[in-house]
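The block underneath contains the structure these notes are about, expressed in structure tokens.
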Amino acid sequence: MVTPFVPEQQVLAPDAVFDWLDEAAELRARAGLTRTLRSRPAEDPVLDLASNDYLGLVHHPAVTRAAADAALRWGGGATGSRLVTGTTALHTELERELAEFCGFEAALVFSSGYAANLAALTALTDPDTLIVSDAYNHASLIDGCRLSRSDVHRAPHSDPAAVAEVLATRTHRRALVVSDSVFSVDGNAAPLAGLAAATRAHGAALLVDDAHGLGVLGPGGSGAPAAAGLAGQPDVVATVTLSKSLGSQGGAVLGPRRVIRHLTETARTFIFDTGLAPAAVGAALGALRLLRAEPERAGRAREVARTLADRLTAAGLRASTPDAAVVSVHAPGPEAAVQWAADCRAAGLAVGCFRPPSVPDGISRLRLTARGDLTDVQITRAVDIVSATAPVRG
């Protein structure tokens with residue numbers, strides 16, 4: 001039985017109102033889920049396989065120069081929301097070139113990929129919409145589903161048949177199927193063709209978060225929807241981030257012009273948010289143009305991922321089979337994963353550390369980014385360090 005809250009009996013002193021936060025922190029510590037910030041220097045000698053810089057463009061001269069030029073011309077900030085003063089000619093240029101590159105009619109740039117996902121899910125749904133969301137979807141999609149006011153069904157991971165079954169029995173006027181294109185934990189690709197077939201058989205729309213596909217999958221890195229033949233289709237919407245393969249910051253929604261128009265007029269994370277800073281827009285545009293000029297970068301990122309996975313497996317570790325540029329290695333538990341990542345860093349290698357609740361299956365992992373600019377010597381070094389510091393094998 002829950003004891004009812006009686007205000008006059010439980011008045012707390014000002015210095016005690018947040019005591020519950022200390023208790024929550026203690027519980028997280030016991031579960032091995034403490035998280036801390038670590039500042040990195042501009043010149044870090046550690047080999048970085050922890051970032052999302054899939055193509056190694058963050059420090060590319062063409063990208064940094066484009067960022068600097070944009071800041072010098074347009075200023076340090078966008079000065080306002082996109083509908084007031086926050087849309088520069090540079091924003092419009094990026095949207096046009098991004099849509100063309102990915103094969104969609106139009107694009108709309110946001111201040112982050114998270115904001116783009118929230119916009120798509122809240123503006124394209126209503127209480128008479130059923131959302132069918134993959135069980136392993138990213139947190140931004142999950143939060144978007146929660147804010148959508150729609151009925152949400154959590155579908156089994158990468159299971160188009162289960163999605164079709166749910167859609168077949170719906171009573172809602174509209175339906176939206178939502179999935180990552182590449183899942184960020186293990187780097188496995190979603191069955192987009194199967195999901196598209198399920199949605200079309202039952203009159204639903206498909207929303208694909210291509211954060212980990214843009215720059216890595218599809219012709220020249222044009223993304224997973226393009227690879228699946230879905231780019232530009234009237235019932236398909238994609239979201240992307242500019243902070244991974246494009247080495248910048250921000251996000252975008254890609255889709256039919258009427259979808260983009262609707263988001264421009266109704267999406268709260270667009271209307272009430274300051275526009276993306278010009279430097280970030282310039283950097284993304286510079287990276288996009290570089291990728292168009294050097295499309296082989298996408299294939300190199302995939303090649304590095306496969307090499308890492310093969311060599312880690314040969315070393316006796318349980319590594320994922322990558323479909324894009326993410327490779328994960330299972331750890332015995334949260335605390336072991338944290339220690340393993342720390343040991344890697346001490347040996348000169350930065351890797352990601354994924355633990356519950358960030359992993360939907362509850363299995364802790366190291367996560368390695370297969371950057372397309374890694375040399376064979378660096379790949380060998382990374383494998384040697386991960387293997388030498390491993391707590392267990394197999």
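Because the structure is predicted, anything quoted here is derived from the model rather than measured. Numbers here are sequence positions counted from 1.
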*Consider only side-chain N and O atoms of H138 and Y114, and report whether a donor and an acceptor are under 3.5 Å apart.*
no
*V163, V237: one ILVMFWY side-chain cluster at the under-4.5 Å cut-off?*
no
*CD1 on I385 to CG on L349, rounded to 0.5 Å*: 5.0 Å
*Report yes or no: does Q249 contribute a side-chain atom to a donor-acceptor pair with the main-chain N or O of A280 at less than 3.5 Å?*
no
*Is it true that a side-chain atom of S387 and a backbone atom of V383 form a donor plus acceptor pair closer than 3.5 Å?*
no
*Check whether any side-chain heavy atom of V166 sits under 4.5 Å from a side-chain heavy atom of L130, and report yes or no.*
yes
*L49 and L308, any side-chain heavy atoms less than 4.5 Å apart*: yes
_Interatomic distance, L366 atom CG to H330 atom NE2 [nearest 0.5 angstrom]_ = 10.5 Å
*Taking atom types as modelled, find out whether N117 and S140 have a side-chain donor-acceptor pair closer than 3.5 angstrom.*
yes
*What's the shortest heavy-atom distance between A309 and A319, and which atoms?*
O-CB, 4.1 Å
*T87 side chain to R82 side chain, donor-acceptor N/O pair below 3.5 angstrom*: yes
*Distance-only side-chain donor-acceptor flag, R149 / T129, under 3.5 Å*: no
*asked:* Before you tell me yes or no, could you show the steps for S320 and N188 under side-chain contact (heavy atoms from CB on, under 4.5 Å), namely the whole-Å CA-CA distance, both residues' side-chain angles and the distance that decides it to 0.1 Å?
replied: CA-CA 8 Å; S320 63; N188 59 307; over 6 Å; no
*Taking all non-hydrogen atoms of both residues, which atom of S179 and which atom of D134 are closest, and how far apart?*
OG-CB, 4.3 Å
*If you look at every heavy atom in L57 and S245, which pair is closest and at what distance?*
CD1-O, 3.5 Å
_If the threshold is 4.0 Å, N to carboxylate O, is there a salt bridge linking E303 and R306?_
no
*Thinking salt bridges, do D151 and R170 make one under a 4.0 Å N-O criterion?*
no
_Heavy-atom neighbours of E165 CD exceed 12 at 6.0 Å_ = no
_Membership question, hydrophobic clusters at under 4.5 Å side-chain separation (ILVMFWY): are V326 and W340 in the same one?_
no
*Does CZ belonging to R200 count more than 12 external heavy atoms closer than 6.0 Å?*
yes
*How far does CG of L176 sit from CG of D235, to the nearest 0.5 angstrom?*
10.5 Å
*Is there a donor-acceptor pair closer than 3.5 Å between any side-chain N or O of H91 and the backbone N or O of V109?*
no
*Any donor-acceptor pair under 3.5 Å linking the side chain of T241 with the backbone of G250?*
yes
*Intermediate values then yes/no, side-chain contact (heavy atoms from CB on, under 4.5 Å), R28 and R35*: CA-CA 9 Å; R28 289 195 299 272; R35 287 168 165 79; 5.9 Å; no
*Would you give the length of the straight line joining atom OG of S184 to atom CG of N137, rounded to the nearest 0.5 angstrom?*
9.5 Å
*Are T264 and L83 close enough that some pair of their side-chain heavy atoms sits under 4.5 Å apart?*
yes
*asked:* Within a 6.0 Å radius of atom CZ on R173, are there more than 12 heavy atoms belonging to other residues, nucleotides or ligands?
replied: no
*Could D186 and R365 be called an ion pair, given the rule that one side-chain N must be under 4.0 Å from one carboxylate O?*
yes
_Greater than 12 external heavy atoms within 6.0 Å of E95's CD_ = yes
*Give a yes or no answer on whether the side chain of R381 reaches the backbone of L47 with a donor-acceptor pair at less than 3.5 Å.*
no
*asked:* Quick one: does any side-chain atom of D22 pair with a main-chain N or O of E26 as donor and acceptor, under 3.5 Å?
replied: no
*Of the non-hydrogen atoms in A337 and A331, which two are nearest, and what is the gap between them?*
CB-CB, 3.7 Å
*Hey, mind stepping through L195 and V208 against side-chain contact (heavy atoms from CB on, under 4.5 Å) and telling me if it holds?*
CA-CA 10 Å; L195 292 175; V208 179; over 6 Å; no
_Do H212 and Y54 make a side-chain contact, defined as non-hydrogen atoms from C-beta onward lying under 4.5 Å apart?_
yes
*Flag the pair D376 and R300 as a salt bridge only when some basic side-chain nitrogen lies within less than 4.0 angstrom of an acidic carboxylate oxygen.*
yes
*Ring geometry between Y136 and H157 (parallel below 30°, tilted from 30 to 60°, perpendicular above 60°)*: parallel
*Nearest 0.5 Å, what's the CD1-CG distance between I379 and L312?*
10.5 Å
*Which pair of heavy atoms, one from A238 and one from F104, lies closest together, and at what distance?*
CB-CZ, 3.8 Å
*Ion pair check, E93 and R289, cut-off under 4.0 Å*: yes
*More than 12 heavy atoms of other residues, nucleotides or ligands under 6.0 Å from CZ of R154: is that the case?*
no
_Whether D210 side chain and S181 backbone form a donor-acceptor pair below 3.5 Å_ = no
_Checking the side chain of R371 only, and the main-chain atoms of D373 only, is there a donor and an acceptor separated by less than 3.5 Å?_
no
*asked:* How long is the straight-line distance from CG of D128 back to OG1 of T171, given to the nearest 0.5 Å?
replied: 8.0 Å
*Would a 4.5 Å heavy-atom cut-off, applied to side chains only, mark R174 and D126 as touching?*
yes
*asked:* Check for me, please, whether I131 and L263 land in the same ILVMFWY cluster - side-chain distances under 4.5 Å, paths through other members count.
replied: yes
*In terms of hydrophobic clusters joined by side-chain contacts under 4.5 Å, are L246 and L290 together?*
yes
*asked:* Less than 4.5 Å apart, side chain to side chain, heavy atoms only: is that true for R311 and T380?
replied: yes
*According to a 4.5 Å side-chain heavy-atom criterion applied to Ile, Leu, Val, Met, Phe, Trp and Tyr, with indirect links allowed, do V17 and W20 form part of one hydrophobic cluster?*
yes
*asked:* Test your reading of the model: is there a side-chain donor-acceptor pair from S222 to the backbone of G218, 3.5 Å cut-off?
replied: no
*Heavy atoms only: give me the nearest L94-A284 pair and the separation to one decimal.*
CD2-CB, 4.1 Å
*Pairwise side-chain contact, D180 with L141, heavy-atom cut-off 4.5 Å (strictly under)*: yes
*Is there a donor-acceptor pair under 3.5 Å between the side chain of W74 and the backbone N or O of A89?*
no
*asked:* Is any side-chain heavy atom of C145 closer than 4.5 Å to one of L121?
replied: yes
*Given F110 and T269, is the side-chain contact (heavy atoms from CB on, under 4.5 Å) satisfied, shown in steps?*
CA-CA 8 Å; F110 290 76; T269 56; 3.8 Å; yes
